[in-house]
Amino acid sequence: MREAQIAAGQQPEYDRRYRDISADEVARLEADGRSYVIRFKMPLDGQTVVPDAIRGDITFENSQLTDYVIFKSTGLPTYHLAVVIDDHFMEITHITRGDEWVNTAPIHVKLYEAFGWEMPAFAHLPVILNPSGKGKLSKRTQSFQDGNTLVLVKTSEFKENGYLPPALINFLTNIGWSFGDNVEIFGPEESMERFELEDINPAAAKMPYEKLDWINNQYIMKLTPEALTEQIMPFIERDNLPITQEQIAVLAPVVGMRLKRLTDIYEQVQYLLVDETVNLTAEQLTHKKMGPEAALAAFTAARDFIADTDDEYFNVAGISERLRAIGEIHTENEKAGPFLGTARLAITGQKVSPPLFESIVALGKDETVARLNRAIERLAG
RNA sequence: GCCCUCAUCGUCUAGGGGACUAGGACGUAGCCCUUUCAAGGCUAAAACCGGAGUUCGAAUCUCCGUGGGGGCACCA
């Protein structure tokens, strides 16, 4: 029948041919050993109203509905029959499900009526759309590339990519619902106090991934240095980076605000992994406020200081004080800035790095001295 | 094709007849701060899909259109 309808250019649809079949005929067909399904007689006219907590009443013309199968030919019930029974006996009060279920709601409503059971409240939630492409974002898919951005889908993927669970929860709660009072950062307890189903925005939304980065950074910044170190280490270990917990602990107080994701720690510790100072030229180690001779003197002073510092004084405060002083002495304008800039380059090999003094402590005395010596050689030669 | 549904800055949203010169956030741009990059502070550009109604008055209500999403299984 289905094939005949398609062949005839019609929409395949059950024609209700057995809707009012007589008991005799049923017996006759059964005797023939024909397989069969059992359908639910839906009303032929009138309307079925699905009360929805988010959208209000959704009205369907019964003439548009069909007689749904409630028992398959295997004798097993279909989902439609099963949920209604299951939800009823589980004393479900609210059915919240995706938008894609609205069209099946009328059969459920009619089944509740047929059973004479109290209907739970329905709430059809908006779906989440693909970031830039078309269609909805399926929960069953995995992360995929969309243009040049990686679209994460599963919670495990968010975790693997350095997002904190509370940040993800905050982010998700903020889609389709808003906390109010222009507040964007909030926890589950606070939002639960305010949450009402009817406040949900019925429109489908795309995930604003850039905003997730911002939220995640907000949560990372709220972490104590110890907690941040603890969150970062698993990633260091996962990727077998030759970096110690002590090193991360030194950087933790100053890198939090630089991390959108925990995995951004990689670029912060780059200078520990590869020594890019080998490519530096003498010119890069000078500054218009600090010529070659001054630079040489400054780097030499810095090297001597670092090399002579007892381990117990090899710390951020001590290094900061001394290096600033050295910078001020050897710069035309008596500001530490120019020297600290070149020192960053000489020590990390990068123009951009975590704050210098912390970077030095994390690098360690020996390596710092070695890199400074290289700079001195460049400037001298 | 038929049915259901949705529609405010680029994005997530606030707003539900006069409080709208349409608010916030992300992102973007500029400035300040600053040893770099960030973070932080300040400022800026940026939206009511279109058309008819209803009304003294519409982003808000109604209808039509357009566009988006979903559905039309013996799957859930």
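Here is the naming used below: chain letters follow the sequence lines, and residue numbers restart at 1 for every chain.
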Does [X] make a side-chain donor-acceptor contact with the base of [N], cut-off 3.5 Å?
X	N	result
A:Arg55	B:rU5	no
A:Asn103	B:rG70	yes
A:Thr78	B:rC74	no

Give none if [N] has no partner; otherwise give the nucleotide forming a Watson-Crick or G-U wobble pair with it, both distances under 3.5 Å.
N	value
B:rC33	none
B:rU54	none
B:rA38	none
B:rG16	none
B:rC2	B:rG71
B:rA59	none
B:rU66	B:rA7

Among [options], the one nearest [X] by side-chain distance:
X	options	value
A:Arg258	B:rU35, B:rG27, B:rA38	B:rA38
A:Glu100	B:rG71, B:rU36, B:rA25	B:rG71
A:Trp214	B:rA14, B:rC26, B:rA38	B:rC26
A:Pro208	B:rU11, B:rC37, B:rC3	B:rU11
A:Val102	B:rC4, B:rC12, B:rC37	B:rC4
A:Ser178	B:rC74, B:rG10, B:rU13	B:rU13
A:Glu210	B:rG27, B:rU35, B:rA14	B:rG27
A:Val352	B:rA76, B:rG23, B:rC37	B:rC37

Worksheet item: Taking only N and O in the side chain of A:Lys72, is any of them less than 4.0 Å away from OP1 or OP2 of B:rA76?
Response: yes
Identify whether any heavy atom of [X] sits under 4.0 Å from a base atom; if not, whether one sits that close to sugar-phosphate; answer base, sugar-phosphate or nothing.
X	value
A:Ala204	nothing
A:Gly176	sugar-phosphate
A:Pro355	base
A:Arg97	nothing
A:Trp177	nothing
A:Met221	sugar-phosphate
A:Val37	base
A:Phe60	sugar-phosphate
A:Ala203	sugar-phosphate

Quickly work out the [X] [atom1] to [N] [atom2] distance and round it to whole Å.
X	N	atom1	atom2	value
A:Gln218	B:rC26	CD	P	8 Å
A:Asn201	B:rU5	CG	P	16 Å
A:Leu125	B:rG70	CG	P	16 Å
A:Asn170	B:rU13	CG	P	14 Å
A:Tyr68	B:rG71	OH	C1'	9 Å
A:Asp199	B:rU13	CG	P	13 Å
A:Lys260	B:rA39	NZ	C1'	11 Å
A:His124	B:rU5	NE2	C1'	11 Å

Worksheet, complete the sentence: Comparing A:Pro202 with A:Lys136, nearest RNA chain B nucleotide closer to 5' gives the residue A:Pro202
Worksheet item: Of A:Leu340 and A:Thr104, whose closest RNA chain B nucleotide lies nearer the 5' terminus?
Response: A:Leu340
Fill in: Hphob cluster co-occupancy, A:Leu280 + A:Leu273, side-chain heavy atoms under 4.5 angstrom
yes
Discussion item. Membership question, hydrophobic clusters at under 4.5 Å side-chain separation (ILVMFWY): are A:Ile169 and A:Phe186 in the same one?
Written reply: no
Rounded to whole angstrom, note down the [atom1] distance from [N] over to [M].
N	M	atom1	value
B:rC4	B:rA39	C1'	48 Å
B:rA58	B:rU43	C1'	33 Å
B:rA47	B:rA22	C1'	9 Å
B:rC37	B:rG18	C1'	50 Å
B:rC26	B:rG51	C1'	34 Å
B:rU21	B:rU60	P	15 Å
B:rU66	B:rU28	C1'	30 Å
B:rG17	B:rC3	C1'	32 Å

Worksheet entry | Any A:Pro77 side-chain heavy atom under 4.5 Å of A:Ile70 side chain | no
Worksheet entry | Non-hydrogen side-chain atoms of A:Thr173 and A:Phe195 separated by less than 4.5 Å | no
Item to complete: Check step by step if salt bridge (charged side-chain N to carboxylate O under 4.0 Å, His left out) holds for A:Asp308 and A:Arg322.
Response: CA-CA 12 Å; A:Asp308 295 341; A:Arg322 202 54 218 278; over 6 Å; no
Item to complete: Would you check, one step at a time, whether the test salt bridge (charged side-chain N to carboxylate O under 4.0 Å, His left out) holds for A:Lys110 with A:Glu113?
Response: CA-CA 5 Å; A:Lys110 286 300 171 198; A:Glu113 284 177 11; 3.1 Å; yes
Discussion item. Out of the candidates A:Leu129, A:Val153, A:Val127, only one should pair with A:Leu137 under the side-chain contact (heavy atoms from CB on, under 4.5 Å) rule; please name it.
Written reply: A:Val153
Practice prompt. Kindly say whether the aromatic ring centers of A:Trp214 and A:Phe171 come within a distance under 6.0 Å.
Written response: no
Worksheet item: Is there a donor-acceptor pair closer than 3.5 Å between any side-chain N or O of A:Asp99 and the backbone N or O of A:Pro126?
Response: no
